[in-house]
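Counting convention: from 1, in listed order, for ligands and their atoms alike. No hydrogens, no waters, no symmetry mates; every other heavy atom, side chains included, goes into these values.
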Amino acid sequence: MSEFRYNKLTRQWVLFAPNRARRPHNNTYNQTQSINQPCPFDQGNESLTPHELLRVPHKKQNWNCRVVPNLYNALCIEQENRSYKFLNFELKSGFGAHEVIIETPEHNKTMTSFNTHELFEYFYTIQLRLKDLKKDTRLKYFSVFKNYGIDAGASQEHAHSQIIATPFLPKSIQEDLDFFQQHKEETNRDFFDDFLYDEKLFEHGILKENNYFVAFCPYASQHPFEVMVLAKDPLSSIITFEEYHLYALAEIVHYLFGKLSHSLGDFAFNMILKNGAIQEKHNPNRFHLQILPRLFKTAGFEIDSDIFINTFPPEDVAQILKNKKDQK
Ligand SMILES: [Zn+2]
């Protein structure tokens, strides 16, 4: 049973999830899948996962993406959603959702080698799951992320992403949304229009643009080789996308993975899809996606001050990426 405990010092919730400790994690991937244990995410091993929530394409024998509850879940949808007190501490029950998106039926395929159609189906799968999860109004925030590589926190080799839905908006997300809203009220302009204007004015970080998205190395990137994809239109989240938006997103992410792989090889990374507060009628977010290569470990100064030390200026990174020909 997991629970949220409120940390009075940081004013943030901490999720205690003992179930996560049962994950088969080792120091290397090779040990993760022991020789006698078949991979539960492979085609043909569907019976080894918890009950399937979705497969894409629908009702076909051959699937490209499947979504299942996380076996080592941090939150549980069957738990009662309640807040309570213990001594002088505040707690919340571990109510929420924790799902795994199996991105491919093939064990050795990585997202960086997906073609545009495979990426389209991946984003479409996420859209469908978020639309479904949104129906449960007790869920307030939907974190959509991918960890790839041991340095990015992954414990399972087979290509997968996760959705964790919490019964409240995390503090940092609420602060971001308040900031976007405040910008609108003070300037009568959308924060993201101004943000993109500045990045285009700087110019050196811009990597690629299509009808609906711009990809760039942000001027004040926190991580070396950090890349952002931002919607050009005021689309608050992926659930507001039409099919052509999903395809345009897949196209630009495919381009980025080609460039990043060529420069960095098989690199560990976190990918995060920022959708704001999709449960709210007014969601001041603009959809953006971050690819954060994990080339260095976060260390003491970052943990203490929240100030990141980045050794690669984004203008240099953009130059390196643009000069590299696609891997394929
Ligand atoms: Zn596998």
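His107 has its closest N, O or S atom to the Zn ion (ligand 1) at the position named ND1. Note on His158: its N/O/S atom closest to the Zn ion (ligand 1) is ND1.
Vertex the Zn ion (ligand 1), arms ending at OD1 of Asp42 and SG of Cys39: the angle is 100° after rounding to 10 degrees.
In this structure, Leu75 belongs to a hydrophobic cluster whose other members, linked by side-chain heavy atoms under 4.5 Å apart, are Phe4, Tyr6, Trp13, Leu15, Phe145, Ile164, Phe168, Ile272, Leu292.
One finds a salt bridge joining Arg286 and Asp190 here, because a Lys/Arg side-chain nitrogen approaches an Asp/Glu carboxylate oxygen to under 4.0 Å. Between Glu209 and Lys200 there is a salt bridge, since at least one side-chain N of the basic residue sits less than 4.0 Å from a carboxylate O of the acidic one.
No side-chain donor-acceptor contact under 3.5 Å links Asn210 and Tyr247.
Using a cut-off of 2.8 Å, one finds that Glu157 contributes no N/O/S atom close to the Zn ion (ligand 1).
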